[in-house]
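Only one structure is covered here, and it is reproduced in the block below.
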Amino acid sequence: MNKVVANAEEAVKDIESGMTLMLGGFGLCGIPENCIAAIVKKGVNKLTCISNNAGVDDFGIGLMLQQKQVKKMISSYVGENAEFERQLLSGELEVELIPQGTLATRAMATGYGMPAVWLLAGVGTEVAEGKEVRNFNGKEYLLEEAFDSDFAIVKAWKGDRMGNLIYKDTARNFNPMMAMAGKITIAEVEELVEPGELDPNFIHTPGIYVHRIFQGANYEKRIEQRTVRQRN
Amino acid sequence: MALTKEQIAQRIAQELQDGFYVNLGIGIPTLVANYIPEGISVVLQSENGLLGMGPFPYEGEEDADLINAGKQTITTLPGSVFFDSATSFGMIRAGKVDLTVLGAMEVADNGDIANWKIPGKMVKGMGGAMDLVAAAKNIIVAMQHTNRAGESKLLPQCTLPLTGVNCITKVVTDLGVFEINDDGFRCVEYAPGVTIEEIKAKTAGRLVIADDVKEVAI
């Protein structure tokens with residue numbers, strides 16, 4: 001078994017205009033930088049992107065927005081991106097804002113083979129509009145459906161040729177959920193190793209969920225809010 | 001003198017109890033971490049996937065892979081643990097977080113909160129706020145009492161799109177501390193130098209002054 005592809009260009013070769021992509025990352029932390037660059041280069045458009053955030057103006061999914069490749073964003077938080085706001089207010093871009101936990105859990109449901117889940121977030125708000133409501137033990141819940149997508153694209157710290165993945169620190173975030181949810185899942189990793197090199201006790205995403213893997217290059221890992229304290 | 005942002009955070013820190021798991025939102029709530037009372041040990045939850053959030057790193061030690069929900073660089077502490085976003089909101093949804101502190105644009109006297117959208121103006125999104133307010137048992141709002149136009153943010157009902165309904169139990173503003181119950185806002189503490197008349201004038205929602213109302217002690 002060998003899921004290794006040469007690079008990001010090969011990994012995204014059959015992503016076509018109009019497809020739905022799920023992307024890992026929280027803000028700019030743990031985003032699949034190499035694949036995003038390859039999608040920008042490839043020039044496909046009319047994409048629907050399911051991702052917690054939409055990057056910033058000149059990095060992450062923001063690069064795809066600049067090239068007008070995104071038709072619709074499904075996210076929980078899209079601040080920090082002026083081009084996004086411009087496209088949204090001018091009607092060029094559709095956006096569906098959903099609670100962050102609902103986003104994570106709908107992706108998880110896909111990976112667990114569950115068509116829908118009952119969730120509390122958003123009851124009594126505009127998020128609930130048009131959704132089935134059911135009362136369990138005196139509390140109301142919304143029926144939230146699992147996501148359907150063409151590709152999931154994630155970034156991990158280490159991975160092996162069989163697609164087993166380990167994430168680092170808070171760069172884990174949405175990556176395991178998205179990895180589990182893809183019909184075809186692409187993983188880019190900082191370090192690609194041979195099977196057996198990763199301790200099976202500490203693998204976060206089992207390789208069965210991953211179809212293509214490659215070692216990324218030139219990670220910028222941009223920091224959105226650099227905050228430090230002074231040494232005494 | 002009305003309370004400063006730091007003093008609002010300091011007052012909220014008095015609500016912390018030993019052993020609490022606490023989620024602090026962006027803005028004033030983040031400052032609460034600076035005033036954890038001595039002898040009390042709490043664990044800070046960051047909803048992007050960390051329990052045991054530590055202070056900001058020293059200059060030169062920032063790590064792009066280690067951030068909080070406000071996208072700020074942070075550190076871990078002994079006993080910290082990382083997890084994915086579904087687990088993070090799983091523990092929130094299951095009521096494992098003891099206290100949530102978050103900011104708001106408006107709070108209504110029935111406990112409704114609005115803090116994610118101004119139609120036609122601001123479309124940033126709700127992030128994790130809807131999940132947090134829907135599930136947490138103990139939610140304190142930290143905010144200014146009035147908006148920039150001087151209008152009350154403590155209202156009979158929210159005018160902005162809601163984040164959650166009937167969920168806020170306490171509000172700490174620059175003017176005082178307010179519990180929310182069936183009678184509306186119950187002023188239990190006033191900021192030093194702030195009069196009850198001023199609080200009444202700046203509170204649009206139903207307001208009851210507690211019989212034993214006292215000055216905020218910081």
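The chains referred to below are lettered A, B, ... by the order of the sequence lines, with proteins before strands, and numbering in each begins at 1. Because the structure is a prediction, the values reported are computed rather than measured.
Of the residues considered (A:Arg231, A:Arg229, A:Gln225), A:Arg229 shows the highest number of contacts with chain B, using heavy-atom pairs under 4.5 Å. Ranked by heavy-atom pairs shorter than 4.5 Å toward chain A, the options B:Ala86, B:Ala64, B:Gly127, B:Gly49 are led by B:Gly127. Chain B forms the most heavy-atom pairs under 4.5 Å with one residue out of A:Thr102, A:Asn175, A:Leu103, and that residue is A:Thr102. Counting heavy-atom pairs closer than 4.5 Å to chain B, the top residue among A:Lys168, A:Met108, A:Arg106 is A:Lys168. The choice from B:Met130, B:Lys117, B:Gln72, B:Lys71 that makes the most heavy-atom pairs within less than 4.5 Å of chain A is B:Lys71. Taking A:Leu120, A:Leu28, A:Asn52, A:Asn81 one by one and counting their heavy-atom pairs under 4.5 Å with chain B, the maximum is reached by A:Leu120. Annotation: maximal heavy-atom pairing with chain B below 4.5 Å, among A:Gly124, A:Gly101, A:Ala121, A:Gly122, occurs at A:Gly101. Contact count against chain A (heavy-atom pairs under 4.5 Å) is highest for B:Lys124 among B:Arg93, B:Lys124, B:Glu59, B:Glu61. Across A:Arg222, A:Lys139, A:Glu224, the residue that shares the most heavy-atom pairs under 4.5 angstrom with chain B is A:Glu224. Top candidate by heavy-atom pairs under 4.5 Å with chain A, chosen from B:Ile67, B:Leu132, B:Ile74, B:Val165, is B:Ile67. Between chain A and the residues B:Ala134, B:Gly128, B:Pro57, the largest count of heavy-atom pairs under 4.5 Å involves B:Pro57.
The minimum heavy-atom distance between A:Thr205 and A:Ala179, with the atom names listed, is CG2-CB, 4.0 Å.
Residue A:Leu88 touches chain B through its side chain alone, counting heavy-atom pairs closer than 4.5 Å. Only the side chain of A:Glu190 has a heavy atom closer than 4.5 Å to any heavy atom of chain B. Neither the backbone nor the side chain of B:Asn166 comes within contact range of chain A; no heavy atoms are under 4.5 Å apart. For chain B, no part of A:Val95 is nearby; none of its heavy atoms comes within less than 4.5 Å. Residue contact with chain A, scored on non-hydrogen atoms closer than 4.5 Å, is absent for B:Ala114. Neither the backbone nor the side chain of B:Thr87 comes within contact range of chain A, judged by heavy atoms closer than 4.5 Å. Contact annotation for A:Leu119: only side-chain heavy atoms (C-beta onward) come within less than 4.5 Å of a heavy atom of chain B. Only the backbone of A:Val123 comes within contact range of chain B, with at least one heavy atom under 4.5 Å from a heavy atom of that chain. Heavy atoms of B:Glu47 lying under 4.5 Å from chain A belong to its backbone as well as its side chain. Heavy atoms of A:Glu85 lying under 4.5 Å from chain B belong exclusively to its side chain.
Judged by the 6.0 Å distance and 45° axis criteria, B:Lys96 is not positioned over the aromatic ring of B:Tyr21. For A:Lys155 and A:Tyr219, the positive end sits near the middle of the six-membered ring, less than 6.0 Å away and at most 45° from its axis.
A centroid separation of less than 6.0 Å is found between the aromatic rings of B:His145 and B:Phe178.
Side-chain contact between B:Ile28 and B:Thr30 is absent, with no heavy atoms from C-beta onward closer than 4.5 Å. For the pair B:Cys187/B:Val177, no side-chain contact is recorded, criterion being any heavy-atom separation below 4.5 Å from C-beta on. A heavy-atom distance below 4.5 Å is found between the side chains of B:Gln45 and B:Met91. Here the side chains of B:Pro119 and B:Pro161 are in contact, with some heavy-atom distance below 4.5 Å.
With respect to B:Glu106, the side chain to side chain donor-acceptor pair (under 3.5 Å) criterion is satisfied by exactly one of B:Asn147, B:Thr159, B:Thr163, B:Asn115: B:Thr159.
Below 30°, between 30° and 60°, or above 60°: for A:His204 and A:Tyr167 the angle between ring planes is below 30°, a parallel geometry.
A salt bridge is defined here as a Lys NZ or Arg NE, NH1 or NH2 lying under 4.0 Å from an Asp or Glu carboxylate O, and B:Asp84 with A:Arg172 fails to meet this definition.
Looking only at atom types and distance, the side chain of B:Thr203 has no donor-acceptor partner in the side chain of B:Ser152 under 3.5 Å away.
Atom CG of B:Asp182 sits in a sparse spot, with 12 or fewer heavy atoms from other residues, nucleotides or ligands closer than 6.0 Å.
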